[in-house]
Amino acid sequence: MKTIKPSERIVYQIYPKSFNDSNNDGIGDLRGITQKLDYLKALGINTLWLNPIYVSPQVDNGYDVADYYQIDQKLGTLADFDELVKQAHDRGLDVILDFVMNHTSEKHPWFQAALQDKESEYRNFYLWHQGKNGGPPNNWASFFGGSVWQKDPLADNNYYFHLFAKEMPDLNWQEPRVQTEMVKIAKFWLDHGVDGFRLDAFIHIVKADFEQDMLASDDKPQLAEMFYANLPQVVPHLQAFIAQLHEIKPDIFILGEAASADIDLAVTYTTPPKKSCDTVVTFRYFAEDETGLDPDLLRIGQPLPLDLTGFKANMLEWQKRLEGVSFPTLYWSNHDMPRILTRFDPKMQKDACAKMLATLMYLQRGIPCIYYGEELGMESALLTKLSDFEDQQINEFAKQAQAKGWSKEQILASASKAHKMAVRLPLPFDKSKYQGFSSVQPWKWATSPKTRSVCDQEIDPGSVLAYYRRILQLKQQEIFIHGRFILENTSAELYVYRRILDQKEVWVICNLGEIPQEFKCGPVKKVLLGQNARVKAGTAQLKAYGSLVLER
């Protein structure tokens with residue numbers, strides 16, 4: 001099987017529970033993915049990233065791992081996984097797994113042993129600290145709300161640390177045996193044929209002094225990212241871990257989740273070779289317009305539009321600063337953020353908008369990471385009850401909004417546009433009751449907004465799916481892999497860049513809005529791709545959300 005270089009990767013992210021259900025129990029599974037490999041191959045991707053498939057109580061939809069060595073029975077068996085890898089490899093597709101390295105489930109045998117015996121050899125696999133003044137050790141807040149501390153049932157005035165849910169205790173990466181066990185787990189999956197890993201939350205594996213409070217004027221828990229994200233000691237742990245994986249599989253692909261990393265940290269995390277990530281995902285691309293934010297309501301339930309000027313500046317910085325170092329990830333959506341069409345919120349021409357966004361993002365220098373369903377123009381679902389969000393913070397948001405006079409419908413609409421759970425619904429394969437995903441109601445379900453199915457789009461040469469296939473064909477050309485990137489200084493409504501390789505130059509011109517725009521592009525040799533746009537007398541004329549790819 002041909003080795004895929006990092007620069008040539010085109011990644012497709014699959015949320016396994018929501019991709020395809022092969023046994024009609026309402027939950028997507030590994031066999032379901034295997035059944036759709038030809039669809040994925042035809043799309044033009046070459047790497048599959050699977051969200052967690054391990055045994056889990058599903059407190060956080062698989063990111064709370066109870067057994068790293070077994071497949072969750074609802075998703076299939078180890079034999080099913082081996083068959084998926086084999087069938088993927090037969091089609092020239094690589095498979096990478098989510099690797100949850102910051103924490104485990106409370107149900108993991110290590111933590112169960114630590115909870116039951118203070119003298120257990122696994123006690124030091126986790127983080128414990130004495131409380132102070134009759135309360136937790138410090139005032140740091142969990143990302144999931146409340147304190148990062150939970151009481152230790154074996155000792156008075158003692159606590160364990162959890163950066164996410166209380167059922168997800170953080171591992172102690174200062175303990176050498178934790179480092180050894182993580183490498184053993186990775187080796188197990190490499191032996192089963194995986195081609196790499198997406199390192200979940202690796203930036204959090206080191207914490208600062210637990211006796212240090214955040215400075216605050218009230219006694220509520222405080223987010224303290226400066227004390228548990230991107231600390232300098234993360235780097236040696238990361239490099240030691242990745243170096244050992246390269247000894248096992250020299251061409252392994254490592255995608256790091258570095259949500260809050262700035263560009264300088266991204267450079268650090270992706271150099272030098274063989275001891276670093278090949279690329280990292282940052283959430284910092286997406287500047288947000290906070291002018292409409294209500295300070296009396298939790299942010300988690302409030303959708304925020306993109307600040308397009310800020311986005312353009314951020315992309316420019318990441319594009320230029322990573323030249324000669326590594327390749328940035330190119331993505332619009334993932335399982336932790338609203339789908340891009342919902343975020344962009346076009347009032348018209350949604351298909352044109354979806355095509356323009358694909359043109360803008362994926363022909364830049366970098367590694368495309370496409371979230372399942374994006375190729376169909378999927379939007380975030382409109383969830384119909386608060387329990388669908390599986391998030392106590394949304395319940396709190398609802399209480400706050402009700403106090404301000406919001407209706408139930410307004411609350412659900414706002415939360416659905418903002419929350420990660422609304423992006424995890426089934427992929428629509430056909431027009432049947434449950435859209436070809438299953439014959440029974442899926443584990444997470446909503447009927448709005450409608451997305452044209454794969455079957456519909458397969459036979460329509462003007463569909464979003466057909467356009468994505470053309471974009472990903474272009475992406476495989478050398479100029480879109482290795483060509484220089486130059487972003488033009490244009491009005492806020494336009495996003496225009498050049499890719500240059502040897503004597504060849506290609507212009508990518510995108511209209512970010514509904515008002516027609518023009519751009520003087522000069523003489524054109526060839527129109528490689530275009531939609532809602534044309535070239536006339538050396539001028540690119542773009543209708544609402546139009547885009548052009550021009551060879552000059």
(message) Could you check whether any side-chain N or O of Y54 sits under 3.5 Å from a backbone N or O of D98, counting only pairs where one atom can act as donor and the other as acceptor?
(response) yes
(message) What I want to find out is whether K74 reaches D29 closely enough, with some N-O distance under 4.0 Å, to be called a salt bridge.
(response) no
(request) Look at K249 together with D251 and state whether they make a salt bridge at an N to O cut-off of under 4.0 Å. (result) yes
(message) Given the ring of F253, does R9 sit roughly above its face, with NZ or CZ under 6.0 Å from the centre of the six-membered ring and within 45° of the axis?
(response) yes
(request) Compute the centroid of each ring, for F202 and then for Y269, and state whether the two points are separated by less than 6.0 Å. (result) yes
(request) Name the orientation class of the two ring planes belonging to Y63 and H335 (parallel below 30°, tilted from 30 to 60°, perpendicular beyond 60°). (result) parallel
(message) For E505, is there any backbone N or O sitting under 3.5 Å from a side-chain donor or acceptor partner on R552?
(response) no
(message) Checking the side chain of N511 only, and the main-chain atoms of I515 only, is there a donor and an acceptor separated by less than 3.5 Å?
(response) yes
(request) May I ask you to decide whether K504 forms a salt bridge with E478, counting only side-chain N to carboxylate O separations under 4.0 Å? (result) no
(request) Mark yes when over 12 heavy atoms from residues, nucleotides or ligands other than K417 sit less than 6.0 Å from its NZ; otherwise mark no. (result) no
(request) Using a 4.5 Å cut-off on heavy atoms from C-beta on, say whether the side chain of I71 contacts that of D80. (result) no
(request) Measure from the ring center of W189 to the ring center of F197 and say whether it is less than 6.0 Å. (result) no
(message) Quick check against the 3.5 Å criterion: does S326 have a side-chain atom that pairs as donor or acceptor with the backbone of T279?
(response) no
(request) Consider only side-chain N and O atoms of E493 and S491, and report whether a donor and an acceptor are under 3.5 Å apart. (result) yes
(message) Once you measure the plane-to-plane angle for F389 and H419, does it fall in the parallel (<30°), tilted (30-60°) or perpendicular (>60°) bin?
(response) perpendicular
(message) A cation-pi test, strictly: NZ or CZ of R198 under 6.0 Å from the centre of the six-membered ring of F99 and no more than 45 degrees from its axis. Yes or no?
(response) no
(request) Step through it carefully: locate the ring centre of Y497, locate the ring centre of W507, and say whether they are under 6.0 Å apart. (result) no
(message) Using only atom types and a distance under 3.5 Å, with no angle test, would you say the side chain of S416 pairs donor to acceptor with the backbone of L412?
(response) yes
(request) Salt-bridge test for R91 and D38: reply yes if a basic N is under 4.0 Å from a carboxylate O, no otherwise. (result) yes
Show every donor-acceptor pair shorter than 3.5 Å between a side-chain atom in residues 351-363 and any protein atom, with sequence neighbours excluded, or say none if there are none.
residue : atom : partner : partner atom : Å
K355    : NZ   : G462    : O            : 2.6
T359    : OG1  : K355    : O            : 2.8
T359    : OG1  : Y467    : OH           : 2.7
T359    : OG1  : S547    : OG           : 3.4
Y362    : OH   : E374    : OE1          : 3.3
Y362    : OH   : E374    : OE2          : 2.5

(request) Decide yes or no on side-chain contact (heavy atoms from CB on, under 4.5 Å) for Y434 and D21, but give the supporting numbers first. (result) CA-CA 11 Å; Y434 297 118; D21 175 15; over 6 Å; no
(request) Measure from the ring center of Y12 to the ring center of Y372 and say whether it is less than 6.0 Å. (result) no
(message) I'd like to know if the side chain of T270 reaches the main chain of D278, judged simply by a donor and an acceptor atom lying under 3.5 Å from each other, with no hydrogens or angles considered.
(response) no
(message) Between Y371 and W332, is the ring centroid distance below 6.0 Å?
(response) no
(message) So which atom in S260 and which in A229 form the shortest heavy-atom distance, rounded to 0.1 Å?
(response) OG-CB, 4.1 Å
(request) Could you tell me whether a side-chain N or O of T268 sits under 3.5 Å from a main-chain N or O of D264, the two making a donor and an acceptor? (result) yes
(message) Can a donor-acceptor pair be found, under 3.5 Å and without considering hydrogens, that links the side chain of S380 to the backbone of V423?
(response) no
(message) Using a 3.5 Å distance criterion without hydrogens, assess whether the side chain of R469 forms a donor-acceptor pair with backbone atoms of L465.
(response) no
(message) Do R498 and F485 form a cation-pi contact, if we require the NZ or CZ to be under 6.0 Å from the six-membered ring centre and within 45 degrees of the ring's axis?
(response) no
(request) May I ask you to decide if S333's main-chain N or O and R339's side chain share a donor-acceptor pair within less than 3.5 Å? (result) no
(request) Answer yes or no: is there an ion pair linking K2 with E8, defined by an N-O contact shorter than 4.0 Å? (result) yes
